[in-house]
Amino acid sequence: MNTKGQAYSTFKLLIAAIVAMAILAILIPIIMQVMGLITASPLNETKSLLSDLVGSPGALKHTPEVVFEPDDVLAASALTERLPISKDQLCMSTGQFEEDDERGFDCIGCDDTDQHRIRYSGNTPQSAKIAIVCNVNLAELIGDIEAYGLDEYDEGNDIVSACDICEDKGKCCAIVLERS
């Protein structure tokens with residue numbers, strides 16, 4: 001018998017199995033996310049988008065829908081890790097969830113540079129989108145916040161007062177929660 005032909009068939013089968021595994025490795029996470037079994041992390045999605053926008057003054061972008069689990073926290077210090085801005089150059093707002101106490105979002109120290117974070121303290125998972133805009137200085141950022149209407153849901157312009165931490169620090173970014 002011809003043994004060369006048998007070895008070639010086995011090699012083709014091995015290659016086909018490797019290709020099939022690679023395709024499954026790509027498709028399974030996509031299918032699981034579509035079915036809702038895997039949800040986007042607010043911290044990871046915000047961090048990724050923020051790193052893209054730090055160098056794009058005036059551009060507003062939104063994360064895909066993210067799910068906040070009970071006790072999730074978006075901390076300025078965690079978001080700015082490995083970025084060319086500090087936590088003092090990041091202002092945060094609960095945005096459209098500002099007046100909705102039953103949703104469970106709190107802006108802890110959003111006007112203070114020591115504890116600048118948004119915490120979700122609800123009992124069930126909550127979907128949201130996160131709007132991010134950056135600019136070269138505080139005056140330009142406030143102009144963007146007003147132009148994009150990010151201050152509309154803040155009673156008393158809390159987002160603008162939260163951004164006072166950016167004063168005289170150069171580049172500044174705003175993170176605002178929106179309903180999905």
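Positions are given from 1, in the same order as the sequence printed here.
- Listed by first and then second residue, the salt bridge (charged side-chain N to carboxylate O under 4.0 Å, His left out) pairs that reach into residues 18-30 come to none, sequence neighbours excluded.
- Side-chain contact between P42 and L74: present, with at least one pair of heavy atoms (C-beta onward) separated by less than 4.5 Å.
- For P64, the side-chain contact (heavy atoms from CB on, under 4.5 Å) criterion is met by E45, not counting sequence neighbours.
- Closest approach of A131 and L60 over heavy atoms only: CB-CD1, 4.0 Å.
- Heavy-atom minimum distance, I145 versus A174: CD1-CB, 4.0 Å.
- Interatomic distance, I26 CD1 to I28 CD1, rounded to the nearest 0.5 Å: 11.0 Å.
- Qualifying side-chain contact (heavy atoms from CB on, under 4.5 Å) partners for A78, counting only residues two or more places apart in sequence or in other chains: L43, A75.
- In this structure the side chain of I118 reaches within 4.5 angstrom of the side chain of T94, judged on heavy atoms.
- Side-chain contact between R119 and F105: absent, with no pair of heavy atoms (C-beta onward) separated by less than 4.5 Å.
- The distance from atom CD of Q89 to atom SG of C172, rounded to the nearest 0.5 Å, is 7.0 Å.
- With sequence neighbours left out, the side-chain contact (heavy atoms from CB on, under 4.5 Å) criterion links A76 to K87, L90, M92, H116.
- Under the 6.0 Å distance and 45° angle rule, R179 counts as a cation-pi partner of F97.
- With rounding to the nearest 0.5 angstrom, the CD1 atom of I15 is 12.0 Å from the OG1 atom of T10.
- Between the T80 side chain and the L83 main chain, no donor and acceptor come within less than 3.5 Å of each other.
- Other members of the hydrophobic cluster containing I18, listed by chain and number, are L14; membership follows side-chain contacts under 4.5 Å among ILVMFWY residues, whether direct or relayed.
- Of all heavy-atom pairs spanning G95 and V176, the tightest one is CA-CG1, 3.6 Å.
- Using a 4.5 Å heavy-atom threshold, the side chains of P84 and V54 count as touching.
- For a disulfide, the SG atoms of both cysteines must be under 2.5 angstrom apart; this holds for C134 and C173.
- For the atom pair I132 CD1 and L49 CG, the distance stands at 4.0 Å (nearest 0.5 Å).
- For N135, the side-chain contact (heavy atoms from CB on, under 4.5 Å) partners at least two apart in sequence or on another chain are P57, E140, L141, D144.
- Considering CD1 of I175 and SG of C91, their distance stands at 8.5 Å, rounded to 0.5 Å.
- Evaluation of the side chain to side chain donor-acceptor pair (under 3.5 Å) test over residues 47-64, restricted to residues two or more places apart or in two chains, returns K47-E81, H62-E178.
- Heavy-atom minimum distance, P70 versus G122: CB-O, 3.3 Å.
- Panel note: side chain D106, backbone I108; no donor-acceptor pair is recorded below 3.5 Å.
- Within the 4.5 Å cutoff, side-chain heavy atoms of I130 are placed close to those of F68.
- A donor-acceptor pair under 3.5 Å is absent between the side-chain atoms of E146 and the main chain of G143, judged by distance alone.
- V73 and V67 are members of different hydrophobic clusters when ILVMFWY side chains are connected at heavy-atom separations under 4.5 Å.
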